[in-house]
Amino acid sequence: MQRVHVLVDYWNFQLRWNERAGESRCNWTALPLVLMDKLKTLPLGDEFDFQGMKVYASCDAEDENLRRWLENFLERQPGTCVSIMERRRRFDHIRCRSCGYESGHCPSCSQPLVWSAEKGVEAALITDMFELQLADALDIAVLVSSDSDFVYPVLAMQGRGTK
């Protein structure tokens with residue numbers, strides 16, 4: 001029996017889902033079941049033991065709706081654990097590469113330009129993958145993300161026997 005852990009980069013997955021599925025919402029309750037069914041179509045064997053799904057998300061301190069959904073719905077799904085990192089708001093300037101014009105305010109409404117930086121999600125996910133491997137707690141890691149920053153950690157895990 002091969003032990004399977006599902007690790008989800010929330011925003012990476014959710015934004016790709018939104019681009020491709022339009023108005024259709026992801027059924028987060030069914031996601032682990034769908035992924036486990038997909039494993040059965042791959043040449044990995046035929047006996048799998050789902051160990052759980054961990055979702056790594058970030059949210060702004062002011063985004064109570066998302067935090068509530070992550071904590072009160074997603075975290076309560078069977079076998080699901082959610083790790084929430086707080087985003088850090090940064091005020092920034094934009095600069096035109098052609099003329100050099102620079103501004104820290106929106107040219108339309110004059111509000112300050114603010115963006116939120118996601119910090120720690122990738123590092124937490126990669127650390128957990130390696131900790132599971134080092135503890136000999138998984139045989140197959142299902143990583144749900146399209147972020148190329150995970151390529152080298154995944155290759156390193158594969159080189160040590162994790163599928």
Side-chain angles (χ1 to χ4, degrees), residues 3-36 38-39 48-95 104-106 111-163:
R3 297 158 300 167
V4 179
H5 288 264
V6 175
L7 303 111
V8 181
D9 178 348
Y10 175 79
W11 279 112
N12 189 280
F13 172 72
Q14 188 63 60
L15 292 174
R16 297 300 96 45
W17 178 277
N18 293 348
E19 287 172 3
R20 290 173 174 84
E23 296 297 314
S24 176
R25 296 180 60 126
C26 176
N27 182 344
W28 283 88
T29 303
L31 183 61
L33 302 171
V34 170
L35 295 172
M36 293 301 291
K38 185 65 177 172
L39 275 181
F48 304 108
D49 182 20
F50 175 64
Q51 299 288 303
M53 177 172 78
K54 187 160 184 184
V55 178
Y56 301 81
S58 66
C59 66
D60 291 319
E62 305 84 30
D63 195 345
E64 286 301 317
N65 289 336
L66 175 60
R67 184 174 298 276
R68 246 190 321 277
W69 180 81
L70 291 167
E71 292 174 346
N72 297 331
F73 172 74
L74 194 56
E75 176 83 37
R76 293 182 180 176
Q77 299 309 303
T80 302
C81 177
V82 178
S83 181
I84 304 171
M85 287 96 191
E86 193 165 316
R87 288 177 164 257
R88 297 184 186 147
R89 299 192 89 195
R90 296 182 63 180
F91 293 88
D92 213 347
H93 285 74
I94 57 169
R95 184 172 190 271
H105 294 82
C106 174
Q111 290 297 309
L113 296 173
V114 179
W115 62 279
S116 295
E118 182 177 77
K119 293 292 182 189
V121 169
E122 291 172 5
L125 195 154
I126 291 168
T127 299
D128 285 353
M129 280 195 318
F130 279 107
E131 284 184 350
L132 287 166
Q133 185 181 49
L134 289 170
D136 194 27
L138 83 156
D139 301 299
I140 299 173
V142 177
L143 174 59
V144 182
S145 179
S146 62
D147 191 332
S148 63
D149 288 342
F150 293 115
V151 170
Y152 291 109
V154 167
L155 290 173
M157 288 186 70
Q158 288 175 336
R160 291 173 177 82
T162 300
K163 298 175 188 170

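- Distance alone, capped at 3.5 Å, places no donor-acceptor pair between the Asp60 side chain and the Arg87 backbone.
- Not a single salt bridge (charged side-chain N to carboxylate O under 4.0 Å, His left out) links Glu23 to another residue, sequence neighbours left out.
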Per-pair distances, 0.1 Å, donor-acceptor, side chain in residues 26-35, under 3.5 Å, sequence neighbours excluded:
unit_1: Asn27; atom_1: OD1; unit_2: Thr29; atom_2: N; d: 3.1
unit_1: Asn27; atom_1: OD1; unit_2: Ala30; atom_2: N; d: 3.1
unit_1: Trp28; atom_1: NE1; unit_2: Gln14; atom_2: OE1; d: 3.4
unit_1: Thr29; atom_1: OG1; unit_2: Gln77; atom_2: OE1; d: 3.1

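- Closest non-hydrogen pair, Leu66 versus Ser58, comes out as CD2-O, 3.9 Å.
- Side-chain atoms of Trp11 never come within 3.5 Å of backbone atoms of Cys59 as a donor-acceptor pair (strictly under, hydrogens ignored).
- Of all the heavy atoms in Leu70 and Val82, the pair that sits closest is O-CG2, 3.8 Å.
- Across Tyr10 and Ala57, no two heavy atoms sit closer than the pair CB-CB, 3.7 Å.
- Looking at residues two or more places apart in sequence or on another chain, you find a side chain to side chain donor-acceptor pair (under 3.5 Å) between Asp49 and Gln51.
- Residues that satisfy the salt bridge (charged side-chain N to carboxylate O under 4.0 Å, His left out) test with Arg3, not counting sequence neighbours, are Asp136, Asp139.
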Show me the side-chain donor-acceptor pairs of residues 148-163 shorter than 3.5 Å, one per line, residues at least two apart or across chains.
unit_1: Arg160; atom_1: NH1; unit_2: Ala156; atom_2: O; d: 3.1
unit_1: Thr162; atom_1: OG1; unit_2: Gln133; atom_2: NE2; d: 2.7
unit_1: Lys163; atom_1: NZ; unit_2: Gln2; atom_2: OE1; d: 3.0

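- Residues that satisfy the side chain to side chain contact (heavy atoms under 4.5 Å, CB included) test with Ala135, not counting sequence neighbours, are Ala137.
- Here Asn65 pairs with Arg68 under the side chain to side chain donor-acceptor pair (under 3.5 Å) rule; sequence neighbours left out.
- Arg67 places no side-chain N or O within 3.5 Å of a backbone atom of Asp63 that could act as its donor or acceptor partner.
- In this view, Phe130 satisfies the ring-ring contact (aromatic ring centres under 6.0 Å, His included) rule with no residue, not counting sequence neighbours.
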